[in-house]
Amino acid sequence: MATNTQVLFKDFPEGWVEEKHMEVVKTPFNPETVAVGDDQILVKVKFLSLDPYMRGRMTKAKSYVASFEIGKPLQAGGIGEVHRVGKSVDSVKVGDIVTGMVEWAEWSVIPAAGVKKLQEHKDVPLSYNLGVLGMPGLTAYGGLISIGEPKEGETVYVSGAAGAVGLIVGQVAKNKGCRVVGSAGSDEKVKVLLDLGFDAAFNYKTVKSYDAALAEHCPKGIDVYFDNVGGEMLDAALNHMNVHGRIPVCGAISQYNATEPYAIKNLSMHLIKKRLRVQGLLVSDYYVNKELMAGFTKDVVSYVQQGKIKYFEHIVEGVENAPRAFIGMMKGDNTGKQIIKV
Ligand SMILES: NC(=O)c1ccc[n+]([C@@H]2O[C@H](COP(=O)([O-])OP(=O)(O)OC[C@H]3O[C@@H](n4cnc5c(N)ncnc54)[C@H](OP(=O)(O)O)[C@@H]3O)[C@@H](O)[C@H]2O)c1
């Protein structure tokens with residue numbers, strides 16, 4: 001009997017998410033007979049994207065995306081092949097490769113309206129559509145260009161630099177002629193950044209202090225701080241911002257599993273004295289911005305196709321390993337995009 005392996009959400013974590021908050025189940029499943037509604041499709045999932053924002057969906061707090069439901073499969077951006085379509089679906093057909101929100105599962109029945117047919121780019125792995133060519137790539141590009149407004153010769157500092165978003169921020173900034181500095185959580189990741197052409201990089205876990213590291217690596221101050229981590233690093237970066245500096249606030253991963261939020265100490269006086277622009281961003285705003293999307297296609301998608309932007313993936317095989325991979329990603333196991341190959 002054929003089966004479907006799924007990962008269910010089991011409980012809201014207090015502090016660090018652990019494997020016990022999720023449950024892997026294998027249920028009998030027949031793809032030819034499972035109910036598919038008129039406006040739904042059945043997808044054989046190929047790749048899942050694991051992303052830090054999912055930790056936010058594991059809380060009861062209201063946010064821009066609903067909490068996961070206890071007892072139901074977790075959800076993720078994914079890529080899959082359409083196996084069956086409902087009666088009223090004409091946007092995709094059997095055999096199409098699509099991307100959209102799917103379940104952490106081998107098979108997923110989802111609304112057809114939520115998926116987009118993927119064009120396969122020659123010599124570019126399909127899974128890049130969940131990374132550099134997809135949501136994290138657009139996050140990096142949109143935040144850097146529309147809020148960071150990097151100019152040639154300026155210093156751009158990016159935290160979480162060896163991750164899915166950070167790798168792109170650094171390379172796009174480099175292509176714009178900036179001096180690029182990155183921080184990451186291991187010496188191996190620092191080497192990757194330097195090999196990619198970052199002008200400087202440091203391991204934030206082993207430096208004497210964030211302040212000392214930023215003083216050393218950003219001797220002319222920071223014009224753009226692309227913040228992926230929040231907390232203490234944001235506090236330190238504020239000390240080193242130049243007048244009229246810009247801070248795209250993309251993420252705060254240092255805070256997602258914290259039970260006490262870090263209180264920023266250095267905000268008001270730096271904002272005033274240096275006339276800083278600090279702005280949060282949400283990638284969903286960028287999908288509807290035609291000008292930005294055109295720039296993304298030109299500066300990122302075509303550069304990847306031409307091999308001018310390099311990208312890395314951390315691929316774990318098997319949906320049953322997704323809980324461990326998700327926790328590992330939150331702790332820094334990944335260099336580049338965390339992907340599950342289902
Ligand atoms: N606003 C939006 O629309 C949007 C969209 C996508 C992503 N984001 C945010 O962007 C950030 C990066 O996302 P991503 O997908 O590129 O993830 P990622 O960087 O590929 O993976 C997460 C990384 O965070 C780092 N990390 C974990 N704890 C940390 C801490 N206490 N201090 C510093 N770094 C820590 C780890 O790397 P190390 O080894 O370096 O510690 C880990 O590899 C996240 O905060 C995410 O929530 C926002």
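Keep in mind that the numbers below use all heavy atoms, side chains included, and drop hydrogens, waters and symmetry copies. Just so you know, ligand 1 is whichever comes first in the structure, and atom 1 is the first atom listed for that ligand.
At least one side-chain heavy atom of L238 sits under 4.5 Å from a side-chain heavy atom of I264. Between Q6 and L74, the closest side-chain pair of non-hydrogen atoms is not below 4.5 Å. Within the 4.5 Å cutoff, the side chain of P13 has heavy atoms near those of the R55 side chain. Within the 4.5 Å cutoff, no side-chain heavy atoms of V156 are placed close to those of D223.
A distance of 10.5 Å separates CG of L281 from CG of L144, quoted to the nearest 0.5 Å. Remark: K44 NZ to W107 CH2 distance equals 5.5 Å, nearest 0.5 Å. Atom NE2 of H244 sits about 12.0 Å away from atom CE of M241, to the nearest 0.5 Å. Rounding to the nearest 0.5 angstrom, the gap separating the CE atom in M135 from the NZ atom in K337 is 6.0 Å.
The part of V229 lying near ligand 1 is the side chain, judged by heavy-atom distances below 4.0 Å. For M330, every heavy-atom contact with ligand 1 shorter than 4.0 Å involves the backbone, none the side chain. Contacts between K337 and ligand 1 below 4.0 angstrom, taking non-hydrogen atoms only, are absent altogether. Residue-level proximity to ligand 1 for D333 is absent, since no heavy atom of it falls below 4.0 angstrom. Neither the backbone nor the side chain of A161 has any atom closer than 4.0 Å to an atom of ligand 1 (non-hydrogen atoms only).
Set against the non-hydrogen atoms of Y256, the atoms of ligand 1 under 4.0 Å away are 45 (O), 46 (C), 47 (O). In the vicinity of M135, heavy-atom distances shorter than 4.0 Å reach the ligand 1 atoms 5 (C), 6 (C). Residue-ligand proximity, A184 to ligand 1, at heavy-atom distances under 4.0 Å covers atoms 40 (O). Under a 4.0 Å criterion applied to the non-hydrogen atoms of K189, ligand 1 contributes the atoms 37 (O), 38 (P), 39 (O), 43 (O). Which parts of ligand 1 touch S254 is read off a 4.0 Å heavy-atom cut-off, strictly below it: atoms 30 (C), 31 (N), 32 (N). In the vicinity of V283, heavy-atom distances shorter than 4.0 Å reach the ligand 1 atoms 2 (C), 3 (O).
Looking from atom 32 (N) of ligand 1 to the surrounding protein, the closest heavy atom is Y204 OH, 3.4 Å. For atom 26 (N) of ligand 1, the closest non-hydrogen atom of the protein is I253 CG2, 3.6 Å. Looking from atom 36 (C) of ligand 1 to the surrounding protein, the closest heavy atom is G332 CA, 3.5 Å. In this structure, the protein non-hydrogen atom closest to atom 12 (C) of ligand 1 is N228 OD1, 3.8 Å. Among all non-hydrogen protein atoms, the one lying nearest atom 4 (C) of ligand 1 is T139 CG2, 3.6 Å.
Ligand 1 has A252 within reach: a non-hydrogen atom of the residue lies less than 4.0 Å from it. Ligand 1 lies within reach of C250, whose nearest heavy atom is under 4.0 Å from it. Judged by the shortest distance from any of its heavy atoms, R55 lies outside the 4.0 Å radius around the atoms of ligand 1.
The shortest N/O to N/O separation between V165 and ligand 1 falls below 3.5 Å.
Between Y225 and Y157, the ring planes lie parallel to each other; the angle is under 30°, not in the 30° to 60° tilted range.
Salt-bridge annotation for R277 and E149: present, with a side-chain N of the basic residue lying under 4.0 Å from a carboxylate O of the acidic one.
In terms of modelled atom types and a separation under 3.5 Å, the side chain of R84 and the main chain of P31 share a donor-acceptor contact.
Applying the side chain to side chain contact (heavy atoms under 4.5 Å, CB included) test between I327 and each of R324, K331, M330 identifies K331 as the sole match.
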